[in-house]
Amino acid sequence: MLLLFFLYKFSNSLLRAGRDALRTSRAFANKPVDSYLQVLQIFLIFILLTLTVSIFTGSSPWSFLVSLGAASAVLMLVFKDTILGFVASIQVSANDSVRVGDWIEMPKYGVDGDILEINLNNVRVQNFDKTIVTIPTYTLLSDAFKNYRGMQETGGRRIKRAINIKISTIRYMDESDLSELKKISLLTSFIEEREQRIREYNSKHNFDSDVKVNGRRMTNIGLLRKYITFFSESNPDINQEMTLMVRQLPPTSKGLPVELYMFTKGTSWAFYEDTMSDIFDHLFAAIHYFDLEVFEEPSSDDIRGLLQ
C-alpha cells in the first residue's frame, strides 16, 4: 500500500512539473493544460483505487473492473459534468475557439472580461470591474459567446456611432453658403470641383436655375458627410487600411442618422474611447457651420418656455 501511495505521489509530481513546463512553452501558453492534468489525475486515482481494492479483497483487478461495468450508468451520472467538461476542453483546444487571455462576452452569465483559467470543470473569467465569474466549461459549446480576439489581432477597433440630424434643417446650399464653406480647407477643392461639374450638367440640360429642385445642387447634409469623410481620412488615429465610410441610415422619429463606420489604429479601451470622443467633440462643434442641428428630445425648460 505504501508503495502504491508513493508511486501515486511521484506520478502526480511529474504531471505537475510537466504542466508547469508546458505553461512556459509558447505553443501551450494559451491551451487548457489544467484540463488535461485533471483528467490524468482522475485516471491515476482510478488505478490506485482499483489496485487498493484488489489487494484488500485478494481478487484480480480485472474482476473489479468487470463489476464496475454494472455501475457504469451511476458513474456516468456522477461524473457527467467532468465528462462534459473534458470533451468541451478538447473541442475548445482543437477548434482554437478560446484561449487563456481572450476577452469574451456572455451576457447570459454576466461575463465580460479576460479568461484567467480553463480547467476540466469550469472557466474563470475576470470582468473589467475586477469581479471574477466562474462558468462551466461545457457552456463554451452549449451557449453562444463573443470572442474579441479577432478584433485585437487585426489591430483595429470599430467605431459605429451615428449623429441624428434634425431633418427640418436639411436644405440646398446657395452661392453665399458655398463661398463660406470653401473657407474650410478640407472642403475647398471638393466644392470647387463639384461646382464645376454641377454647372456643366445643369447647363447641358438647360434647367431653370430659379427653381432649386431642378437639376443638381449641393446640400448641407451632403457636404457634412463629405467633411466627416475627409476629416476621418486625415485623422492619424483612424486605420486607413480598414473600412471607412460615412453613411445615412433610415430616418426615424429622432431625425436622420448620419453614421460613422471606421476603425481605430489601436485596440486598447482607453485609446479607443479617447479617439472616438475626440472625433465627436469636433463634429458636434463643427456641425453649425453647415447650418444643421442635432436632434434633441425636448427638455423640461423647453416645455416650460412654450407654456409661458
Side-chain angles (χ1 to χ4, degrees), residues 158-240 242-264 275-308:
R158 186 181 68 175
I159 294 175
K160 188 175 182 290
R161 181 180 292 184
I163 301 175
N164 290 324
I165 302 298
K166 192 174 179 180
I167 296 178
S168 61
T169 62
I170 298 175
R171 63 181 180 84
Y172 291 114
M173 305 297 281
D174 54 30
E175 294 295 331
S176 61
D177 296 324
L178 293 175
S179 63
E180 286 297 318
L181 288 178
K182 285 179 184 178
K183 297 177 182 178
I184 301 176
S185 58
L186 289 176
L187 287 177
T188 303
S189 59
F190 172 79
I191 293 177
E192 291 176 349
E193 179 184 350
R194 190 71 173 171
E195 273 186 317
Q196 180 64 27
R197 292 174 59 186
I198 290 175
R199 192 179 299 112
E200 292 175 355
Y201 178 85
N202 291 341
S203 175
K204 178 180 178 180
H205 293 83
N206 197 25
F207 288 118
D208 182 4
S209 59
D210 292 335
V211 181
K212 291 185 177 181
V213 76
N214 288 335
R216 292 181 179 176
R217 290 183 184 272
M218 282 181 274
T219 61
N220 53 355
I221 188 69
L223 290 174
L224 174 66
R225 286 193 299 108
K226 283 297 179 182
Y227 175 76
I228 298 174
T229 301
F230 296 150
F231 175 75
S232 302
E233 290 174 346
S234 64
N235 192 325
D237 294 329
I238 297 298
N239 195 322
Q240 306 300 321
M242 304 180 75
T243 303
L244 191 159
M245 64 178 174
V246 181
R247 59 176 182 168
Q248 289 185 14
L249 299 181
T252 68
S253 59
K254 297 183 183 298
L256 176 66
V258 176
E259 184 184 75
L260 281 70
Y261 191 103
M262 56 197 65
F263 294 80
T264 61
T275 301
M276 183 165 57
S277 298
D278 288 343
I279 291 174
F280 281 88
D281 288 347
H282 175 82
L283 294 180
F284 284 128
I287 199 168
H288 76 275
Y289 283 93
F290 298 84
D291 200 21
L292 289 165
E293 294 181 20
V294 177
F295 177 87
E296 291 181 292
E297 296 280 2
S299 66
S300 57
D301 290 337
D302 296 328
I303 297 174
R304 193 178 297 114
L306 292 174
L307 296 177
Q308 290 177 352

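Values in this document were obtained by computation on a predicted structure and should not be read as measured data. For the numbers below, each heavy atom of this structure counts, side chains included, while hydrogens, waters and symmetry mates do not. Count residues from 1 along the sequence.
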Looking at Glu200, is its backbone amide N or carbonyl O close enough to the side chain of Ser203 to form a donor-acceptor pair, meaning the two atoms are under 3.5 Å apart?
no
Taking C-beta and beyond as the side chain, do Leu224 and Val246 meet within less than 4.5 Å on heavy atoms?
no
Heavy atoms only: give me the nearest Ile228-Val258 pair and the separation to one decimal.
CD1-CG1, 4.4 Å
Please find the pair of heavy atoms, one from Gly222 and one from Thr219, that lie closest to each other, and give the distance.
N-OG1, 3.1 Å
Within the side chain of Asn202, is there an N or O that forms a donor-acceptor pair under 3.5 Å with the backbone of Arg216?
yes
Can you find a heavy atom in the side chain of Ile221 that is under 4.5 Å from one in the side chain of Gln248?
yes
Name all residues meeting the salt bridge (charged side-chain N to carboxylate O under 4.0 Å, His left out) criterion together with Arg247; count only those two or more places apart in sequence or in a different chain, and write none if there are none.
Glu259
Between Ile238 and Gln240, is there a side-chain heavy-atom distance shorter than 4.5 Å?
yes
Identify the heavy atoms of Pro257 and Pro250 that sit nearest to each other, and give their distance.
CD-O, 3.5 Å
Relative to the ring of Tyr261, is the ring of Phe263 parallel (under 30°), tilted (30 to 60°) or perpendicular (over 60°)?
perpendicular
The reported gap from CD in Glu293 to CG in Asn164 (rounded to nearest 0.5 angstrom) is 13.5 Å
Mind listing the closest non-hydrogen atom pair of Ala286 and Phe290 along with its distance?
O-CD1, 3.7 Å
Rounded to the nearest 0.5 Å, the CD atom of Glu195 sits from the OG atom of Ser179 at a distance of 9.0 Å
Polar side-chain atom of Asp278 near backbone of Thr275 as donor-acceptor pair, under 3.5 Å:
no
For Phe190, give me all partners under ring pair (Phe, Tyr, Trp, His ring centres under 6.0 Å), at least two apart in sequence or on another chain.
Phe230
Neighbour count above 12 (heavy atom, 6.0 Å) for Lys226 NZ
no
Can you find a pair of side-chain heavy atoms, one from Glu233 and one from Leu244, that are under 4.5 Å apart?
yes
NZ (Lys182) and CG (Leu187) are apart, to the nearest 0.5 Å, by 11.5 Å
Test log, rule side chain to side chain contact (heavy atoms under 4.5 Å, CB included), inputs Ile191 and Ile184:
CA-CA 10 Å; Ile191 293 177; Ile184 301 176; over 6 Å; no
So which heavy atom on Ile163 is nearest to which on Phe284, and how close?
CG2-CE2, 4.0 Å
Could you tell me whether a side-chain N or O of Asn220 sits under 3.5 Å from a main-chain N or O of Thr169, the two making a donor and an acceptor?
yes
Could you state the interatomic distance from CG (Leu181) to CG (Asp291), rounded to the nearest 0.5 Å?
9.5 Å
Please determine if Lys166 and Glu296 form a salt bridge, counting it only when a charged side-chain N lies under 4.0 Å from a carboxylate O.
no
Measure the shortest side-chain to side-chain distance between Ile287 and Leu292 over non-hydrogen atoms and say whether it is less than 4.5 angstrom.
yes
Going through the distances and angles, do Ile167 and Phe295 end up as a side chain to side chain contact (heavy atoms under 4.5 Å, CB included)?
CA-CA 8 Å; Ile167 296 178; Phe295 177 87; over 6 Å; no
Any donor-acceptor pair under 3.5 Å linking the side-chain atoms of Gln196 with those of Glu192?
no
Do you know which two heavy atoms are closest between Ile159 and Ile279, and how far apart they sit?
CD1-CD1, 4.2 Å
Distance, nearest 0.5 Å, that separates CE of Met262 from CG of Asn239:
11.5 Å
If we only count heavy atoms from C-beta on, is the Arg158 to Met242 side-chain gap below 4.5 Å?
no
What I'd like to find out is whether the side chain of Arg171 reaches to under 4.5 Å of the side chain of Asp177, using heavy atoms alone.
yes
For residues Leu260 and Arg161, determine if any side-chain heavy atom of one lies less than 4.5 Å from a side-chain heavy atom of the other.
no
Working for side chain to side chain contact (heavy atoms under 4.5 Å, CB included), residues Thr264 and Met276:
CA-CA 8 Å; Thr264 61; Met276 183 165 57; 6.0 Å; no
